Number of protein chains: 2
Amino acid sequence: MKTPKPGIPVRGSKTGQPIMALLDLLGRSWAMGIIWHLYTGPNTFRGLQDYCESISPTTLNTRLKELRDCNLIERTLEGYALTEYGKELYELLEPMGNWARHRWVNSFKENNNKP
Amino acid sequence: MKTPKPGIPVRGSKTGQPIMALLDLLGRSWAMGIIWHLYTGPNTFRGLQDYCESISPTTLNTRLKELRDCNLIERTLEGYALTEYGKELYELLEPMGNWARHRWVNSFKENNNKP
DNA sequence: TAGCAAAGCTACTAAATTCATAGCGTCTAG
DNA sequence: CTAGACGCTATGAATTTAGTAGCTTTGCTA
């Protein structure tokens, strides 16, 4: 699977606008989950496998490669870890946690839209 | 495809933590792209198809259903549009645009990691 | 120093998702 | 009527992901 990077054609943009490359990258299974989890600290391949429960090693490996190619994570002595860029991105993602918990959930209580 | 909602088992959380449900929902092809685009204003099914270029009507339709089930978009007389919740979510996504353009791209210039 | 366990994968097949294309039914304008 | 736009559905092929097994290396440790 081709790694989406700014400047090359990606899903949603033939010219590879950075935001579209980013949305393409993050819009793949487990990509955001991995970043979310790594913020708690570096982790090993098997550790991530356990965390993700249902991820296959094939997918985990390609996802890790993509995230490395895009400079969001790197390998350290303690396992995979977020880079500076990865941490910055996490911090942009973080507010979604509170929003999901405190705002989004309300939308399911209104007009009998049960989860 | 099962729509991920808070409170039910989703990818990454057997108990359906809201953030995991959200990451599951957004981690599907075109989901964030649709939200990103709809912020510019309501659009029709065919309009979205054109915008997304390579999306199939099947996928577009299931994605629209999921986003509607999760209260992020709705149908209006002018076509599909973001709900209040959808707009809120967009605003959380928005900073990623600048970050991608002004920060992330730099990571590809360092250490000859060409896009 | 032989054995064992953990880590980081690769290989392979099956299932699920997505794409690509064609076309149906409804509505509105001409 | 007829044509075109719209919102899809149907079908089959291609791509992605899951599931399981197991190889290779490293570091104990007995």
Side-chain angles (χ1 to χ4, degrees), chain A residues 1-5 8-14 20-21 23-38 41-70 73-82, chain B residues 1-5 8-14 20-21 23-38 41-70 73-82:
Chain A
M1 203 182 184
K2 205 172 154 198
T3 303
K5 300 185 186 180
I8 63 176
V10 297
R11 199 160 53 183
S13 169
K14 287 175 186 164
M20 288 304 148
L23 294 186
D24 187 357
L25 177 68
L26 298 181
R28 297 176 181 194
S29 68
W30 296 109
M32 289 189 286
I34 290 169
I35 292 172
W36 194 267
H37 183 62
L38 282 183
N43 208 339
T44 65
F45 188 94
R46 300 217 172 194
L48 286 167
Q49 240 182 321
D50 289 348
Y51 164 71
C52 294
E53 297 178 1
S54 69
I55 198 175
S56 70
T58 323
T59 306
L60 177 56
N61 197 33
T62 57
R63 211 57 75 231
L64 290 173
K65 270 178 190 147
E66 289 166 3
L67 293 174
R68 270 199 288 173
D69 284 347
C70 289
I73 66 174
E74 65 191 346
R75 297 192 62 178
T76 69
L77 291 176
E78 301 167 284
Y80 290 97
L82 292 181
Chain B
M1 204 180 185
K2 204 173 158 199
T3 302
K5 300 184 186 181
I8 64 175
V10 298
R11 198 161 54 182
S13 169
K14 287 177 185 163
M20 289 302 150
L23 294 186
D24 189 356
L25 177 68
L26 298 181
R28 296 176 181 193
S29 70
W30 297 108
M32 289 188 287
I34 290 169
I35 292 172
W36 193 267
H37 183 64
L38 282 182
N43 208 339
T44 66
F45 188 93
R46 299 214 175 199
L48 286 167
Q49 240 182 321
D50 289 346
Y51 165 71
C52 294
E53 299 175 2
S54 68
I55 196 174
S56 71
T58 323
T59 306
L60 177 56
N61 197 33
T62 57
R63 211 56 74 234
L64 288 172
K65 269 179 190 146
E66 289 167 3
L67 293 173
R68 270 199 287 173
D69 284 348
C70 289
I73 68 175
E74 66 193 345
R75 295 193 61 177
T76 70
L77 293 175
E78 302 167 283
Y80 290 97
L82 292 181

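Note that the structure is predicted; figures quoted are calculated from it, not measured. Convention: sequence-line order gives letters A, B, ...; per-chain numbering from 1.
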Closest of D/dT17, C/dT18, D/dC8 to the B/Tyr80 side chain is D/dC8

Per atom distances to the A/Trp30 side chain, the nearest of D/dA18, D/dG7, C/dC9 is D/dA18

Any donor-acceptor pair, under 3.5 Å, between the side chain of A/Thr58 and the base of D/dG19, if you only look at N and O atoms?
yes

_Pair of N/O donor and acceptor under 3.5 Å linking C/dA7 base with A/Arg46 side chain_ = yes

For a quick test of your reading: what N or O donor-acceptor pairs under 3.5 Å do the side chains of residues 43-50 of chain B make, sequence neighbours left out?
unit_1  : atom_1 : unit_2  : atom_2 : d
B/Asn43 : ND2    : B/His37 : NE2    : 3.2
B/Thr44 : OG1    : B/Gly47 : N      : 2.9

Atom CD of B/Gln49 and atom C1' of C/dA22 are separated, to the nearest Å, by 13 Å

Taken to the nearest whole Å, CG/B/Leu60 to C1'/D/dC6 is 13 Å

**Asked** Does OP1 or OP2 of C/dT17 have a side-chain N or O of B/Arg63 closer than 4.0 Å?
**Response** no

Checklist entry - Between A/Ser29 and D/dT17, is there a side-chain N or O to OP1/OP2 distance below 4.0 Å? => result yes

Under the side-chain contact (heavy atoms from CB on, under 4.5 Å) criterion, do B/Thr62 and B/Arg28 qualify, and how do the steps go?
CA-CA 11 Å; B/Thr62 57; B/Arg28 296 176 181 193; over 6 Å; no

Rounded to whole Å, CG of B/Leu77 lies from P of C/dT28 at a distance of 12 Å

Report task. Would you sort out whether A/Ser54 and A/Trp30 count as a side-chain contact (heavy atoms from CB on, under 4.5 Å), showing the intermediate values? Result -> CA-CA 10 Å; A/Ser54 69; A/Trp30 296 109; 3.5 Å; yes

note: A/Arg11, atom CZ; C/dT17, atom P; distance rounded to Å ~ 15 Å

Winner on side-chain proximity to A/Ser56, out of D/dG19, C/dG8, C/dT18, is D/dG19

Notebook entry, point to check: Are A/Asn61 and C/dG8 close enough that a side-chain N or O sits under 4.0 Å from OP1 or OP2?
Noted result: no

Rounded to whole Å, the NZ-C1' distance (B/Lys65 to C/dT17) equals 15 Å

Side-chain contact check for B/Pro57: nearest option of C/dC9, C/dT18, D/dC8 is D/dC8

- Kindly determine whether B/Ile34 and B/Leu60 satisfy side-chain contact (heavy atoms from CB on, under 4.5 Å), including the steps that lead there. CA-CA 9 Å; B/Ile34 290 169; B/Leu60 177 56; 3.9 Å; yes

Rounded to whole Å, the CD-P distance (A/Glu66 to D/dT15) equals 16 Å

Tell me whether the side-chain N/O atoms of B/Arg75 come closer than 4.0 Å to OP1 or OP2 in D/dC8. yes

Atom CG of A/Asp24 and atom P of C/dC19 are separated, to the nearest Å, by 10 Å

Among the nucleotides C/dC19, D/dC6, C/dC9, whichever has the atom closest to the side chain of B/Ile55 is C/dC19

Testing C/dT10, C/dT17, D/dG7 for proximity to the side chain of B/Met1, the answer is C/dT17

ask   = If only atom types and distance count, is the side chain of A/Arg63 paired as donor or acceptor with the main-chain N or O of A/Ser29 below 3.5 Å?
value = yes

Between B/Thr62 and A/Gly79, the residue closer to the 5' end of DNA chain C by nearest nucleotide is A/Gly79

Between CD1 of A/Ile34 and P of C/dG8 the distance, given in whole Å, is 13 Å

(request) Apply side-chain contact (heavy atoms from CB on, under 4.5 Å) to A/Leu25 and A/Glu66, showing your working. (result) CA-CA 8 Å; A/Leu25 177 68; A/Glu66 289 166 3; 4.0 Å; yes

